[in-house]
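We count residues from 1, following the sequence as given. Just so it is clear, the values below take in all heavy atoms, side chains as well, and ignore hydrogens, waters and symmetry mates.
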Amino acid sequence: MILGNVIENSGVLEVKGSKAVELTSICSDSRKVVDGSLFIAVKGLATDGHNYIASAIEKGAKAIVFEDEAAAMEQVAKAGKDDITLVKVASARHAEAIMAANFYDNPSHKLTLVGITGTNGKTTTVTLLYNLFMNLGYNCGLLSTIANFVGTRMSETANTTADPITINSLMAEMVDAGCQYCFMEVSSIGMEQERVSGLKYKVGIFSNLTHDHLDYHKTFAEYLRCKKLFFDQLPADAYAVTNIDDKNGMIMVQNTKAKVVTYSCRSIADHTARIMEESFDGMQLRIDGQETWTKLIGQHNAYNLLAIYTAAVLVGATQEEALIALSKLDSAKGRLETIKAPNGVTVVIDYAHTPDAMDNVLKTLREIAPSNPLVCLFGCGGDRDRTKRPEMAKVAEKYSDRIFVTSDNSRTEKTEDILDEIRTGFSTEGLRKSLFIADRKEAIRTAILTAQPDSAILLAGKGHETYQIIGKTYNHFDEREVVAEVIENM
């Protein structure tokens, strides 16, 4: 593609050189540069792409996009080539998103794109939407925390919201594969870093807003602002679907140009749901006056399913199709995933890693079997929001009969230091029923082997993950395998 077409509407301030350069690829990682590449120098949290301009030129980059002219010119001089087209932009992050969309011929415009943002429920909602529409016979794409799918072909994912080049590349593959829909998670960090700028959404969904990512955003107000940006940027022909039971539900859509559609499990809204019956095997829901059975459990999943239903009927499914499809859905991997042990113990694996998410899950388990023992096993990630550590302890203490505090992804922090910060959230009574075991495998084994019959044991925080990050090393760790091994040796 011609450079002039790629840089259109991307905030270009100045171009030195030819706009007629034929590009073979676009990248912001100098390691991926090939002959004919456009290299975009983005300032990241850990590295500055401007420092790799010379390397990119040496590898064959034919055009360079930058925002720091002094740093760029120093690198260009170091490379010693004068036939490179230089493009100065106001914001390299914004330019990367728009240029990526242009380079791949704006694939989001050729798909029915549905995005969801919020603290909890994003992965469940987009994964189940993808499964629902695939089951209805449509070819779809999925961009999520767990995995990316182009039709039925899966690829691994590193972030909740990928970089804009990856996003547009995958969407282009979806278009080529004949996909009609794409369902994707949109994180607050992805919004703040403009990873989704230039994408055209048909539906935007807000789930809820609770305590998370304050290590990055610093304040809750800034976290809210970044979430709200998603709805501020929706076009007039899109739908802004919002949960009005969340106190921030209407704040999210107060400045949107899109048509606002509300959903609720507690009050009057455009779409409503109520739980009629519930057990560990599933729940009976009344959605918009019609009843349906689902394998999922919990009030938070009632909200997820209502959001899924609302989005489905907005983008082409009939009410009957949507309700029948909902009844056939299994939970997303690592979301209230249950394993039955021979002694009557039910092990529940869930990704809950925020106070609100863990509150939702523990409350659900307590309500389903109020007289049965409830055990909670959890940890907190290192190098992440430290303020939620004592809050997680308070939530665990509120619902649980017994608590195991253990490691999660400790990263570069000492596990013992994280456990000490969690410990500060417990009352004296909470500490009496808590056991601190740094080795997560040993903690799981102890929790299962010492559980009373008919107990429910929540393993919180890892969910779909099949690794533990210790230091900077990813170590294989799949809780399903650990649980299976313990049960086999019981």
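- Thr112 and Gln180 share no side-chain donor-acceptor pair at under 3.5 Å.
- Across all non-hydrogen atoms, the minimal contact from Leu459 to Arg440 is C-NH2, 4.4 Å.
- A 6.0 Å sphere centred on NZ of Lys43 holds more than 12 heavy atoms belonging to other residues, nucleotides or ligands.
- For Asp246, there are no salt bridge (Lys or Arg N to Asp or Glu O under 4.0 Å) partners at least two apart in sequence or on another chain.
- A donor-acceptor pair shorter than 3.5 Å can be found between the side chains of Thr119 and Tyr223.
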Under the side-chain contact (heavy atoms from CB on, under 4.5 Å) criterion, do Ser207 and Asn120 qualify, and how do the steps go?
-> CA-CA 7 Å; Ser207 60; Asn120 303 310; 5.6 Å; no
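- Side-chain atoms of Tyr181 never come within 3.5 Å of backbone atoms of Leu129 as a donor-acceptor pair (strictly under, hydrogens ignored).
- Look at Lys200 and Asp237 and you find a salt bridge, because one of the NZ, NE, NH1 or NH2 atoms lies within 4.0 Å of a carboxylate O, short of that distance.
- Taking the ring pair (Phe, Tyr, Trp, His ring centres under 6.0 Å) definition, one finds that Phe378 meets it with nothing, sequence neighbours left out.
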Can you list the steps and then say if Leu285 with Ile275 is a side-chain contact (heavy atoms from CB on, under 4.5 Å)?
-> CA-CA 5 Å; Leu285 289 179; Ile275 298 176; 3.7 Å; yes
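- Side-chain atoms of Gln284 do not come within 3.5 Å of backbone N or O of Glu278 as any donor-acceptor pair.
- Heavy atoms of other residues, nucleotides or ligands lying less than 6.0 angstrom from NZ of Lys110 number more than 12.
- Looking at Thr262 and Asp270, their side chains do bring a donor and an acceptor atom within 3.5 Å of each other.
- Closest approach of Leu132 and Ala322 over heavy atoms only: CD1-O, 4.1 Å.
- In this structure, Leu458 and Val361 have side chains that are in contact, with non-hydrogen atoms separated by less than 4.5 Å.
- Using modelled atom types, one finds a donor on one side chain and an acceptor on the other under 3.5 Å when comparing Ser25 with Ser37.
- Taking each heavy atom of Val33 and Phe39 in turn, the nearest pair found is CG2-CD1, 4.0 Å.
- For the residue pair Asp359/Tyr399, the side-chain donor-acceptor check at 3.5 Å is satisfied.
- The CD atom of Gln193 lies 11.5 Å from the CE atom of Met191; values are rounded to the nearest 0.5 Å.
- In this structure, the side chain of Ser264 engages the main chain of Ser267 through a donor-acceptor pair within 3.5 Å.
- Asp330 is linked by a side chain to side chain contact (heavy atoms under 4.5 Å, CB included) to Lys295, counting only residues two or more places apart in sequence or in another chain.
- Inspection of the Lys227 and Thr117 side chains reveals an N or O donor paired with an N or O acceptor under 3.5 Å.
- Scanning both residues, Leu306 and Ala273, for their nearest heavy atoms gives CD2-N, 3.7 Å.
- Counting non-hydrogen atoms of neighbouring residues, nucleotides and ligands closer than 6.0 angstrom, the CZ atom of Phe103 exceeds 12 such neighbours.
- For Tyr130 against Thr152, the heavy-atom pair with the smallest separation is OH-CA, 4.0 Å.
- Between Ile422 and Ala393, the shortest heavy-atom contact is O-CB, 3.3 Å.
- Ion pairing between Glu96 and Arg93 fails under the 4.0 Å rule for side-chain N and carboxylate O.
- Using modelled atom types and a 3.5 Å distance limit, the side chains of Ser410 and Thr415 yield a donor-acceptor pair.
- Between the side chains of Asn208 and Tyr303, not a single donor N or O lies within less than 3.5 Å of an accepting N or O.
- The pair Glu465-Lys462 counts as a salt bridge, with a side-chain nitrogen and a carboxylate oxygen less than 4.0 angstrom apart.
- In this structure, Glu391 pairs ionically with Lys394, as a charged nitrogen and a carboxylate oxygen lie closer than 4.0 Å.
- Side-chain atoms of Lys228 and Asn248 form no donor-acceptor pair, as typed in the model, at a separation below 3.5 Å.
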